[in-house]
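Data first, discussion second: the structure below is written as structure tokens.
Below, chain A is the first sequence line, B the second, and so on; all start at residue 1.
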Amino acid sequence: MRDCLGEVRWIAGVDVGFERRNTVTRAAVAVLSFPDLELEEYAISRRPTGFPYVPGLLSFREAPAVLEALEKLRQLPDLLLCDGQGIAHPRRFGIACHLGILTGIPSIGVAKTRLIGRHGKVPDERGSWLPLCDGDEVIGAVLRSRQGVKPLFVSSGHCVSLETALQYVMACVTRFRLPETTRWAHRLASGSC
DNA sequence: GCGACAG
DNA sequence: ATCTTGTCGC
């Protein structure tokens, strides 16, 4: 995928959690300044869960609540770091692509585990990565965000190349496995904040 | 038919 | 994702 994103001043983390035995979906978006990574603002949305969890169809379950949360923001972000896959998806359209197209905001998929694709052993060194492949296609990257942790599955969402995606993800990683954007969003979506 | 399977 | 005790390592 080609890059077509402008200057990134505001970067957002997106995550979703559930309440009431999964009957309520809670989405959180955390907007951080870039490259400082200071929390600027956040929005949370709660909606009745309208779709079950089906691998490959995550967008139908989580996107509605996320879109509602995004509408509440004063400052729209220039880039979205989504919890889940971008094009590293059976039909090359994971939730990061879905949110990017629907909002027009460039996006990146940052997943904690693999959905599809094959890859080799990633060196145990911060920043090292290997391509995630499906047949002849490179659909993403397996990234060692920190030494001694399980790798992240990064892929293009909307308007961001894989190389650029890796650059932004690493720019958001400080002292933990997950980027700060995702950590904020996760904390907010978990209600512990 | 038997596994694999984002969150 | 969510539910949860103990445990290993810096």
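Looking at heavy-atom distances under 4.0 Å, Gly17(A) makes contact with sugar-phosphate atoms alone, never a base. When heavy atoms are screened at a 4.0 angstrom cut-off, Arg21(A) is found touching no nucleic acid atom at all. Among the protein residues, Ile95(A) comes within range of the nucleic acid bases, having at least one heavy atom under 4.0 Å from a base atom. Using a 4.0 Å heavy-atom cutoff across all strands shown, Gln85(A) reaches at least one base atom of the nucleic acid. Among the atoms of the strands shown, base atoms are found under 4.0 Å from some heavy atom of Leu57(A). Residue contacts for Gly56(A): at a heavy-atom cut-off of 4.0 Å it reaches a base atom on one of the strands shown. Using a 4.0 Å heavy-atom criterion, one finds that Tyr53(A) contacts the bases of the nucleic acid, with or without backbone contacts as well.
Residues Val138(A) and Met1(A) are members of separate hydrophobic clusters, defined by side-chain heavy-atom contacts under 4.5 angstrom among Ile, Leu, Val, Met, Phe, Trp and Tyr.
One atom, CZ of Phe18(A), and another, P of dG7(B), lie 11 Å apart when rounded to the nearest Å. Between the C1' atom of dA6(B) and the NE2 atom of His186(A) lies a distance of 13 Å, rounded to the nearest Å. Put simply, CZ on Phe51(A) is 16 Å from C1' on dA1(C), counting in whole angstrom units. If you take CD1 of Ile139(A) and P of dC5(B), they are 13 Å apart, rounded to a whole angstrom. Rounded to an integer number of Å, the gap from Ile108(A) CD1 to dA6(B) P is 21 Å. Summarising the geometry, the separation between CG on Asp83(A) and P on dA6(B) is reported as 12 Å, rounded to the nearest angstrom. Distance CZ (Arg146(A)) to C1' (dC10(C)): 12 Å, rounded to an integer number of Å. Rounded to whole Å, the distance from NE2 on His119(A) to P on dA6(B) is 13 Å.
Stacking annotation: Phe153(A) is not stacked on the base of dA6(B) (requires ring centroids less than 5.5 angstrom apart and an interplanar angle below 30 degrees).
A donor and an acceptor atom, one from each side chain of Thr49(A) and Thr25(A), are located under 3.5 Å apart.
For the atom pair Leu188(A) CG and Tyr42(A) OH, the distance stands at 6.0 Å (nearest 0.5 Å).
Listed candidates were dC5(B), dG7(B), dT2(C). Nearest to the side chain of Arg26(A) is dT2(C). The side chain of Arg61(A) lies closest to dG7(B), out of dA6(B), dG7(B), dA4(B).
Between Thr113(A) and dC5(B), a side-chain N or O to OP1/OP2 separation shorter than 4.0 Å is absent. Distances shown here put every side-chain N or O of Lys112(A) at or beyond 4.0 Å from the OP1 or OP2 atom of dA6(B).
Contact check on Arg46(A) versus Glu68(A) returns no salt bridge, with no Lys/Arg side-chain nitrogen under 4.0 Å from an Asp/Glu carboxylate oxygen.
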- request: Output, in order, the C-alpha distance, side-chain angles, deciding distance and verdict of salt bridge (charged side-chain N to carboxylate O under 4.0 Å, His left out) for Glu125(A) and Arg144(A).
  value: CA-CA 7 Å; Glu125(A) 178 191 337; Arg144(A) 191 78 69 182; over 6 Å; no
